[in-house]
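Heavy atoms only: backbone and side chains are in, while hydrogens, waters and symmetry mates are out. Numbers for residues simply follow the sequence, beginning at 1.
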Amino acid sequence: MRKQIILLLTGICLSLAPTAQACTLWSAAGSSAAGGGTLLVKNRDWLPNHRQEVKLVRPKGGHAYWGLFAVGGNEPGLKAGLNDQGLSIVTATASVVTRETRQQEPHTPGLTSRLLRECSSVAEVLQHEEWLRGVEYLLLADRQETAVIELAPGGRYAVQRTKNGVLTHTNHYLDESFLALNKQIGESSQTRYERIGQLLAENQTPYQVSDFLRISRDQNAGPDNSLLRSGSTLKKARTMAIWAVRIPPQGTPELIVTLFNPGEEETTLCLTGETLFEKEKE
């Protein structure tokens, strides 16, 4: 009887727990991106229990980078970045793996910031196999290619790269070697993955930045399963930010970030040319 009560209470607690957080990532490279180079977008979804800031970081050693930072909440820190070499990195949660496992698994502290500080390209990131530890997904773009890196328990990882074409990801594993980890794919992750693929197929290439920004606003599947999520309750994830980058083969990238901070007006920051990495005035 006592065991049954414990099991019942456990089920109640799980049903009351916040839903797993999520993000939608997609990119285009080469002939799929207008003018060549790459495009990358992240719709960042999380509980509306914190705010976000976009900041320029100039480390004493390494590359400067713009970052999207979560301030407060239960998972603060860097969520997306673009460095002065034209390398952008965004991340997504591996929601099919329990939070406990994700936290306990050996990982590289501050992986995204380290890669932005010390690497100038996708190829350079992949030279640092010893850093690719943890449980999450990364989408990277530079001037020539994009790549998805899936980090899995046990120090394993898988890479998909392209110099011509699109890559997409949500919150479950796609590489064949990791499919066994998808014991329960969330409805939202599957719906968003199928929807982003559909929208990219419907839009003719090469894609413009405006195409990707329009796609990022899609609300086809309601408050909890759309690419742009409003959240049906305060305990459900919603879209907190849209991070969009255009990285040309030559010249300065373009960064467009829209923030949906709780209790604040929607704001959009557009940076390119000299305004992107200009030197701070003396």
Side-chain angles (χ1 to χ4, degrees), residues 10-11 13-25 27 42-47 49-50 52 62 65 67-81 87-119 122 124-141 146-161 167-190 192-193 237 240-241 243:
T10 300
C13 290
L14 287 174
S15 67
L16 295 176
T19 56
Q21 310 316 315
C23 294
T24 307
L25 318 177
S27 66
K42 167 178 175 169
N43 271 22
R44 178 176 183 258
D45 303 332
W46 206 260
L47 294 178
N49 60 1
H50 67 287
Q52 304 152 114
Y65 64 89
L68 171 65
F69 291 86
V71 181
N74 58 338
E75 295 284 348
L78 180 65
K79 307 302 176 183
L87 172 67
S88 184
I89 302 174
V90 296
T91 61
T93 303
S95 298
V96 291
V97 178
T98 66
R99 184 178 182 184
E100 181 181 19
T101 298
R102 298 198 305 267
Q103 291 178 333
Q104 293 179 352
E105 188 69 21
H107 63 281
T108 300
L111 175 60
T112 302
S113 60
R114 184 168 189 176
L115 294 175
L116 290 168
R117 289 195 314 270
E118 302 193 30
C119 298
V122 171
E124 196 169 335
V125 168
L126 296 176
Q127 292 175 6
H128 294 282
E129 294 185 0
E130 72 279 8
W131 296 348
L132 302 180
R133 299 290 183 270
V135 182
E136 64 177 332
Y137 313 121
L138 292 82
L139 178 61
L140 303 84
T146 63
V148 165
I149 304 177
E150 295 186 334
L151 304 181
R156 297 173 295 163
Y157 72 92
V159 179
Q160 183 180 4
R161 304 167 69 176
L167 293 175
T168 63
H169 216 292
T170 51
N171 304 98
H172 56 278
Y173 286 96
L174 303 178
D175 190 87
E176 290 186 1
S177 59
F178 297 150
L179 293 183
L181 295 170
N182 295 331
K183 291 182 171 55
Q184 186 173 356
I185 299 175
E187 178 185 359
S188 177
S189 182
Q190 186 65 44
R192 287 179 289 109
Y193 179 70
M240 296 285 289
W243 173 276

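The shortest distance between side-chain heavy atoms of Leu87 and Val125 falls below 4.5 Å. No side-chain heavy atom of Pro106 sits under 4.5 Å from any side-chain heavy atom of Arg133. A heavy-atom distance below 4.5 Å is found between the side chains of Tyr65 and Leu78.
Judged as a side-chain hydrogen bond (donor to acceptor under 3.5 Å, both in side chains), and not counting sequence neighbours, the contacts of Arg161 are Glu145. For Ser188, the side chain to side chain contact (heavy atoms under 4.5 Å, CB included) partners are Arg192, Asn225, Arg229, not counting sequence neighbours. Partners of Glu118 under the side chain to side chain contact (heavy atoms under 4.5 Å, CB included) rule, at least two apart in sequence or in another chain, are Arg114, Trp131. The ring-ring contact (aromatic ring centres under 6.0 Å, His included) test applied to Phe69 returns no partner, not counting sequence neighbours. In terms of the ring-ring contact (aromatic ring centres under 6.0 Å, His included) criterion, residue partners of Tyr137 (sequence neighbours excluded) are, by chain and number, His169, Tyr173. Glu136 is linked by a side chain to side chain contact (heavy atoms under 4.5 Å, CB included) to Thr91, Leu111, Leu138, Leu151, counting only residues two or more places apart in sequence or in another chain. Listed by chain and residue number, Trp46, Leu47, Asn74 satisfy the side chain to side chain contact (heavy atoms under 4.5 Å, CB included) test with Asn49 (two or more places apart in sequence, or in another chain). Listed by chain and number, the residues in a side-chain hydrogen bond (donor to acceptor under 3.5 Å, both in side chains) with Glu130 are His128 (sequence neighbours excluded).
For the salt bridge (Lys or Arg N to Asp or Glu O under 4.0 Å) condition, the pairs that include at least one residue of residues 87-102, sequence neighbours left out, are Glu75-Arg99. Residue pairs meeting the salt bridge (Lys or Arg N to Asp or Glu O under 4.0 Å) criterion with at least one member in residues 174-185, sequence neighbours excluded, do not occur.
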